[in-house]
Amino acid sequence: MAHVEFIDATTLRITLRLEDATTMIQMAQREQVEYAQEIITIYEKMPVFEYSHFCFYAYDSARLFERVLGMDPKTYLSFSLDAPESFFYALYGGMAALYESSLKLVEQADAVGTGSDVNAHVSN
């Protein structure tokens, strides 16, 4: 499970493990409609950061990250992230598995004219 250490009033140290990547992938799969755009972004942008240097905040793709942490690290001035390379490669593999179906979900939402709101076709 993700570990968040509060260093001081403005600084966090976040430690993630391989299991946290698995948790993020499972959340993304269970709630794929909600996370479709984020899945696409992570899959497309991780290679740019050589996978293990990926920054969730660079492309507004941090919702899964924040959910596994149970908090929003942006409320602090700085934070460090310690995670093994296996975390990043596993996360990328999971996003790769969900990528094509996420593209279809976003395309369907765009066709309905709802932008990236893939839930818009659901009537209340």
Side-chain angles (χ1 to χ4, degrees):
M1 185 159 149
H3 176 71
V4 179
E5 182 181 352
F6 299 90
I7 304 299
D8 58 39
T10 63
T11 309
L12 299 174
R13 179 179 301 131
I14 299 167
T15 305
L16 298 173
R17 300 178 324 195
L18 175 60
E19 295 79 12
D20 297 309
T22 302
T23 299
M24 290 173 70
I25 295 162
Q26 290 169 342
M27 284 189 284
Q29 189 274 326
R30 277 193 309 267
E31 300 173 45
Q32 190 171 358
V33 169
E34 179 178 346
Y35 291 112
Q37 188 59 59
E38 193 161 336
I39 291 164
I40 293 165
T41 300
I42 292 170
Y43 174 76
E44 291 178 348
K45 299 302 181 182
M46 272 189 106
V48 174
F49 288 87
E50 298 178 2
Y51 306 95
S52 60
H53 300 288
F54 182 71
C55 176
F56 293 98
Y57 292 102
Y59 298 99
D60 193 27
S61 57
R63 289 182 312 136
L64 279 168
F65 173 65
E66 291 171 356
R67 187 154 169 214
V68 79
L69 295 178
M71 52 101 54
D72 180 0
K74 291 188 315 279
T75 60
Y76 291 81
L77 292 178
S78 68
F79 69 88
S80 64
L81 174 62
D82 297 320
E85 286 189 359
S86 60
F87 167 85
F88 295 99
Y89 291 119
L91 182 63
Y92 182 75
M95 298 301 109
L98 298 170
Y99 179 73
E100 292 295 327
S101 55
S102 293
L103 280 175
K104 289 179 183 169
L105 287 169
V106 170
E107 287 171 7
Q108 289 170 355
D110 287 343
V112 175
T114 60
S116 61
D117 184 0
V118 294
N119 287 312
H121 69 282
V122 179
S123 61
N124 291 336

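Excluded from the calculations below are hydrogen atoms, water molecules and symmetry mates; all remaining heavy atoms, backbone and side chain alike, are included. Heads up: numbering here begins at 1 and tracks the sequence.
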What residues form a side-chain contact (heavy atoms from CB on, under 4.5 Å) with Phe49, not counting sequence neighbours? His53, Phe54, Cys55, Ala58, Tyr59
Can you see which heavy atom on Val106 is nearest to which on Ala36, and at what distance? CG2-CB, 3.9 Å
Any chance CE of Met1 has more than 12 other-residue heavy atoms, nucleotides or ligands included, within less than 6.0 Å? no
Could I get the full list of side-chain contact (heavy atoms from CB on, under 4.5 Å) partners for Ala21, not counting sequence neighbours? Phe87, Ala90, Leu91
Considering only heavy atoms from C-beta outward, does the side chain of Thr41 approach that of Asp60 to under 4.5 Å? no
Given salt bridge (Lys or Arg N to Asp or Glu O under 4.0 Å), test Glu31 with Arg63 step by step and report yes or no. CA-CA 12 Å; Glu31 300 173 45; Arg63 289 182 312 136; over 6 Å; no
Results of side-chain contact (heavy atoms from CB on, under 4.5 Å) for Thr10 - residues two or more places apart only: Asp8, Leu77
Is there a side-chain contact between Leu69 and Leu16 in this structure, where contact means two heavy atoms from C-beta onward sitting under 4.5 Å apart? yes
When hydrophobic residues are tied together by side-chain contacts of less than 4.5 Å, even through go-betweens, does Ile7 share a cluster with Val4? no
Drop me the distance from Ser61's OG to Glu44's CD, to the nearest 0.5 angstrom. 11.0 Å
Please evaluate residues Tyr76 and Met71 with respect to the criterion side chain to side chain contact (heavy atoms under 4.5 Å, CB included), reporting the C-alpha separation (whole Å), side-chain torsions for both, the decisive distance (0.1 Å), and the verdict. CA-CA 11 Å; Tyr76 291 81; Met71 52 101 54; 3.6 Å; yes
Do the non-hydrogen side-chain atoms of Met95 and Met46 ever get within less than 4.5 Å of each other? no
Is it the case that one hydrophobic cluster holds both Val48 and Ile42, taking links as side-chain heavy atoms less than 4.5 Å apart, direct or via other members? yes
Close side-chain approach of Gln32 to Ile39, heavy-atom, < 4.5 Å: yes
Using 0.5 Å steps for rounding, measure from the CG atom of Leu12 to the OG atom of Ser80. 8.0 Å
Give a yes or no on whether Phe88 and Val68 share a hydrophobic cluster (residues Ile, Leu, Val, Met, Phe, Trp, Tyr; joining criterion: side-chain heavy atoms under 4.5 Å apart). yes
Can you measure from CG (Leu81) to CZ (Arg13) and round to the nearest 0.5 angstrom? 11.5 Å
If hydrophobic clusters are built by linking Ile, Leu, Val, Met, Phe, Trp and Tyr wherever their side-chain heavy atoms come under 4.5 Å apart, do Met27 and Ile40 end up in the same one? yes
Any idea how Tyr92 and Tyr43 line up, ring-wise: parallel (<30°), tilted (30 to 60°), or perpendicular (>60°)? parallel
Is there a donor-acceptor pair under 3.5 Å between the side chain of Thr11 and the backbone N or O of Phe79? no
pair Phe65-Glu38: side-chain heavy atoms closer than 4.5 Å: no
Calculate, to the nearest 0.5 Å, the distance between atoms CG and CG belonging to Leu103 and Leu98 respectively. 11.0 Å
